[in-house]
Trainee: 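The following block contains the structure, expressed as structure tokens.
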Amino acid sequence: MPSILARTPYSHSPILFQRLHFRLIVSQAASRNTSGFGFPWNRLGKLYKEKSSIFSRSSVELTAKLSEFKKHGFTNVSVIGICLAFPDVLSEEGEVGGEIDALLTDLKLICLDLDLESSVEGNVDSWYEVCRKIRVFYDLNVEKGKLGELMGRRKSILLEHGEDVLAKMAEYFCRFGVKKEEAALLLLEVPELLNLDLETPLVCVLKLLKDFNLSSEELKNVSHTYGHVLGTNRMANLPHVMKALDLHAWFFNKIINGNHQLFASYVVNNPIEDHDKEFRDGLEKIQLSRTPIHTMGKLNFLHGIGFGENAVTMRILAHLHGTNSELQERFDCLLHSGVEFSKLCKMVRMHPKILNQNPETLEQKVNFLCGEMGSSLDCLDVFPGFLCFDLEKRIKPRFRFHMWLREKGLCTKNYSIASIIATSEKTFVARLSKMHPDAPKHWIERFPHSTPLVS
């Protein structure tokens, strides 16, 4: 083998060398079996990228492994499809039982025992596509060895829907804040969901909640507390609408318990009638403005995090600066800092300008609040404006001088963070004078560059 490869024009390229090595190995395997194997050349690059260690295995090892699969009852083309979709089965790690054995048990049950094989065209591409679809569910953390029975009884999932559809639908339900395996099992239990358009239809939020039997008391609370979420929104944004209402867990449980069929009834036939006048007027102004695409991008961001088509959303829009992606990055930064989704939406409603700062600045302010100031993120529920003040010129000087006063015994009253930070400079200095006549002088000497400006 080395002498043959050494004379090839590909021997100068390690990747091409190994691909050719693999090609010759499977050819040797074919020569020893009357049925033979044939791995498509155009698939070997992807196989190498996923598991390059396969290409360093000997022909004896690979021949033994390929022959072992056939003993399970798989045909040549199904074996190739399995190997391309699940490269681990050909690697050295695949020699160990456990997950590999569980995978083969699932595949045997799905493809052979429950006769998926009779519905799949007898070529490598068809089997590769089917195996890739099965892999979507493993990538969603469904345990190997547990998938066979569920999947085998619902062959339509694999035969009627593409890999991208399965992955996209699973990602949609994951956005309700559930675990990946919960979203995967939902699709397996209720495959009818895969036939629904969960992208373009519009839904009326209050009507949806009412028809899903949210109590009258809770509906009143939603109307009073979450006015920014009311109105219509795209079905694609529904998971974040529910997270903005803090009802995502409740709603997902409703879907699991048989209410999924109600989705189809929430297409708003004439959505413009559900817009209030201020929202309609706002849309007209956007279209007539100099930057309609940029402004619509910001509006789509707000809808994407759960804000409805209503007057409140339009008023918030006027205070936001940045592109759709920039606003999303800032929003995600605060989420990753630990702020709850529904609370963050309320913060944006109260102080939209918090999203006009770069993620690094927001992160520094949150770290200072929870670190040196020793407060919790709950402080932001009542004082989201904290994030709008300048960290170096307002927050740090005011807080550190306040702590210095307490250490000196000059400040005996417990002032809130809002009272320390948000008080005007005039009022702040007046308060210092009451504590001690020399306090304002010390303030100016210690922090001469502090200002009342916000970010």
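Hydrogens, waters and symmetry mates are skipped; everything else that's a heavy atom, side chains included, is used.
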Trainee: Once you round to the nearest 0.5 Å, how far does OG of Ser52 lie from NZ of Lys49?
Mentor: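 With rounding to 0.5 Å, OG (Ser52) is 12.5 Å from NZ (Lys49).
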Trainee: Please confirm whether the backbone N or O of Lys220 pairs with a side-chain atom of His224, one donor and one acceptor, at under 3.5 Å?
Mentor: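 Checked: no pair found.
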Trainee: Taking atom NZ as the centre, does Lys180 end up with more than 12 heavy-atom neighbours from other residues, nucleotides or ligands that are less than 6.0 angstrom away?
Mentor: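 Atom NZ in Lys180 is not packed in, count stays at 12 or less.
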Trainee: Looking at every heavy atom in both Ala170 and Leu187, which two are closest together, and how far apart are they?
Mentor: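 Smallest heavy-atom distance, with atoms named: N-CD1, 3.8 Å.
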Trainee: Are side-chain heavy atoms of Leu140 and Glu181 found at a separation under 4.5 Å?
Mentor: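 With C-beta onward as the side chain, the pair stays apart.
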Trainee: Measuring from atom CD of Gln287 to atom CD1 of Ile293, what distance do you get when rounded to the nearest 0.5 angstrom?
Mentor: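 The CD1 atom of Ile293 is 9.5 Å from CD of Gln287, to the nearest 0.5 Å.
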Trainee: Hey, what's the ring geometry for Phe399 with Phe368, parallel, tilted or perpendicular (30° and 60° as the breaks)?
Mentor: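 Rings of Phe399 and Phe368: perpendicular, over 60°.
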Trainee: Of Ile157, Asp106, Leu185, which is the lone residue that meets side chain to side chain contact (heavy atoms under 4.5 Å, CB included) with Phe137?
Mentor: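 One option only clears the test, and that one is Ile157.
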Trainee: Cation-pi check, Arg330 to Phe301: give yes when NZ or CZ is under 6.0 Å from the six-membered ring centre and within 45° of the ring axis, no otherwise.
Mentor: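 Checked: cation-pi criterion not met.
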Trainee: For a 4.5 angstrom cut-off between non-hydrogen side-chain atoms, does Phe447 reach Lys393?
Mentor: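 SC-SC contact between Phe447 and Lys393 ruled out.
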Trainee: Please find the pair of heavy atoms, one from Gln357 and one from Leu387, that lie closest to each other, and give the distance.
Mentor: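 Result for this residue pair: NE2-O, 2.7 Å.
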Trainee: Take Glu160 and Arg154 through the salt bridge (charged side-chain N to carboxylate O under 4.0 Å, His left out) test and state the conclusion after the steps.
Mentor: CA-CA 11 Å; Glu160 298 174 9; Arg154 293 165 176 78; over 6 Å; no
Trainee: Is the count of non-hydrogen atoms from other residues, nucleotides or ligands lying under 6.0 Å from Glu217 atom CD greater than 12?
Mentor: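 Count not over threshold, so no.
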Trainee: Given side chain to side chain contact (heavy atoms under 4.5 Å, CB included), test His161 with Lys133 step by step and report yes or no.
Mentor: CA-CA 9 Å; His161 305 284; Lys133 294 174 190 177; over 6 Å; no
Trainee: Walk me through whether Tyr226 and Val205 qualify under side chain to side chain contact (heavy atoms under 4.5 Å, CB included).
Mentor: CA-CA 11 Å; Tyr226 299 96; Val205 174; over 6 Å; no
Trainee: Does Lys254 have more than 12 heavy atoms from other residues, nucleotides or ligands lying within 6.0 Å of its NZ?
Mentor: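 Count over threshold, so yes.
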Trainee: Answer whether the closest heavy-atom distance between the side chains of Lys155 and Leu158 falls below 4.5 Å.
Mentor: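 No, too far: nothing below the 4.5 Å cut-off.
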Trainee: Output the distance between atom NZ (Lys108) and atom CG (Asp113), rounded to the nearest 0.5 Å.
Mentor: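 Rounded to the nearest 0.5 Å, the NZ-CG separation comes to 4.0 Å.
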Trainee: Parallel, tilted or perpendicular: which one describes the rings of Phe173 and Phe176, with boundaries at 30° and 60°?
Mentor: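 Phe173 and Phe176: parallel rings.
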Trainee: Would His402 and Arg406 count as a side chain to side chain contact (heavy atoms under 4.5 Å, CB included) here? Give the steps.
Mentor: CA-CA 6 Å; His402 174 78; Arg406 293 194 66 178; 3.6 Å; yes
Trainee: Is Asn358 reaching over with its side chain to a backbone N or O of Thr361, donor-acceptor style, under 3.5 angstrom?
Mentor: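 Checking the backbone N and O of Thr361 against the side chain of Asn358, a donor-acceptor pair under 3.5 Å is found.
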Trainee: For the pair Lys396 and Glu372, evaluate salt bridge (charged side-chain N to carboxylate O under 4.0 Å, His left out) and give the outcome as yes or no after the intermediate values.
Mentor: CA-CA 9 Å; Lys396 286 183 178 181; Glu372 187 168 333; over 6 Å; no
Trainee: Does the side chain of Glu309 reach to within under 4.5 Å of the side chain of Leu283, using non-hydrogen atoms?
Mentor: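 The answer is no; the side chains never approach within 4.5 Å.
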Trainee: Can you name the closest pair of heavy atoms from Ser375 and Cys379 and give their distance?
Mentor: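 For Ser375 versus Cys379, the nearest heavy atoms are OG-CB, 3.4 Å.
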Trainee: Any side-chain to backbone donor/acceptor pair from Asn356 onto His319? Under 3.5 Å, distance only.
Mentor: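 Between the backbone of His319 and the side chain of Asn356 there is a qualifying donor-acceptor contact (under 3.5 Å).
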Trainee: How about Glu50: does its CD atom have over 12 heavy atoms from other parts shown lying under 6.0 Å from it?
Mentor: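 Correct, the count exceeds 12.
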Trainee: May I ask you to test the Glu189-Leu150 pair for a side-chain heavy-atom distance under 4.5 Å?
Mentor: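 Yes - at least one pair of side-chain heavy atoms lies under 4.5 Å apart.
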Trainee: Would you please classify the geometry between the Phe383 ring and the Phe389 ring as parallel, tilted or perpendicular, with 30° and 60° separating the classes?
Mentor: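 Plane angle between 30° and 60°, so tilted.
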Trainee: Using a 6.0 Å distance limit plus a 45 degree cone around the ring axis, check whether Arg446 lies over the aromatic ring of Phe401.
Mentor: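 No, Arg446 does not sit over the ring of Phe401.
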Trainee: Short question: side chain of Lys51, backbone of Leu90 - any donor-acceptor pair under 3.5 Å?
Mentor: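 The answer is no, because no donor-acceptor pair under 3.5 Å joins these two groups.
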Trainee: Do Leu103 and Glu99 come within less than 4.5 Å of each other through their side chains, counting heavy atoms only?
Mentor: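 The answer is no, as the side chains (C-beta and beyond) never meet within the 4.5 Å cut-off.
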Trainee: Closest heavy-atom contact between Met435 and Cys411?
Mentor: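 The pair with the smallest heavy-atom distance is CE-SG, 3.8 Å.
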Trainee: Once rounded to the nearest 0.5 Å, what's the spacing between atom OH of Tyr138 and atom SG of Cys131?
Mentor: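 Between Tyr138 OH and Cys131 SG, I get 9.5 Å after rounding to 0.5 Å.
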Trainee: Tell me the closest heavy-atom pair linking Cys333 and Leu362, and the distance in Å.
Mentor: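 Minimum heavy-atom separation between Cys333 and Leu362: SG-CB, 4.3 Å.
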Trainee: Could you label the plane-to-plane angle of the Phe307 and His228 rings as parallel, tilted or perpendicular, counting under 30° as parallel and over 60° as perpendicular?
Mentor: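 Rings of Phe307 and His228: tilted, 30 to 60°.
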Trainee: Indicate whether the side chain of Asn237 and that of Arg175 have a donor and an acceptor atom separated by less than 3.5 Å.
Mentor: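 There is no such pair (donor and acceptor under 3.5 Å, judged by atom type) between the side chains of Asn237 and Arg175.
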Trainee: Quick one: does Leu327's side chain get under 4.5 Å of Ile305's, heavy atoms only?
Mentor: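 With C-beta onward as the side chain, the pair stays apart.
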Trainee: Return yes if some donor-acceptor pair links the side-chain N/O of Arg135 with the main-chain N/O of Ala85 below 3.5 Å, else return no.
Mentor: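 Between the backbone of Ala85 and the side chain of Arg135 there is a qualifying donor-acceptor contact (under 3.5 Å).
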Trainee: So, Ser419 and Ser416: side-chain donor and acceptor under 3.5 Å apart, yes or no?
Mentor: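 No - no donor-acceptor pair under 3.5 Å links their side chains.
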Trainee: Please evaluate residues Glu278 and Arg315 with respect to the criterion salt bridge (charged side-chain N to carboxylate O under 4.0 Å, His left out), reporting the C-alpha separation (whole Å), side-chain torsions for both, the decisive distance (0.1 Å), and the verdict.
Mentor: CA-CA 9 Å; Glu278 189 171 342; Arg315 290 195 289 270; 3.2 Å; yes
Trainee: Rounded to the nearest 0.5 Å, what separates atom CG in Leu380 from atom CD1 in Ile354?
Mentor: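 If we round to the nearest 0.5 Å, Leu380:CG and Ile354:CD1 are 8.0 Å apart.
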Trainee: Does this structure show an ion pair linking Asp378 with Lys343, if we count only N-O contacts that are shorter than 4.0 Å?
Mentor: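 Looking at Asp378 and Lys343, the cut-off is met.
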Trainee: A side-chain contact here means heavy atoms from C-beta on lying under 4.5 Å apart; do Trp127 and Ile82 qualify?
Mentor: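 The answer is no; the side chains never approach within 4.5 Å.
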Trainee: Taking atom CZ of Arg431 and atom OG of Ser424, what is their separation to the nearest 0.5 Å?
Mentor: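 Rounded to the nearest 0.5 Å, the CZ-OG separation comes out at 9.0 Å.
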Trainee: Mind listing the closest non-hydrogen atom pair of Ser126 and Asn123 along with its distance?
Mentor: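 Taking every non-hydrogen atom into account, N-OD1, 2.8 Å.
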Trainee: Could you label the plane-to-plane angle of the Phe331 and Phe341 rings as parallel, tilted or perpendicular, counting under 30° as parallel and over 60° as perpendicular?
Mentor: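 Because their plane-to-plane angle is over 60°, the rings of Phe331 and Phe341 count as perpendicular.
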Trainee: Would Phe251 and Leu245 satisfy side chain to side chain contact (heavy atoms under 4.5 Å, CB included), going step by step from the backbone distance to the final call?
Mentor: CA-CA 10 Å; Phe251 192 77; Leu245 294 168; over 6 Å; no
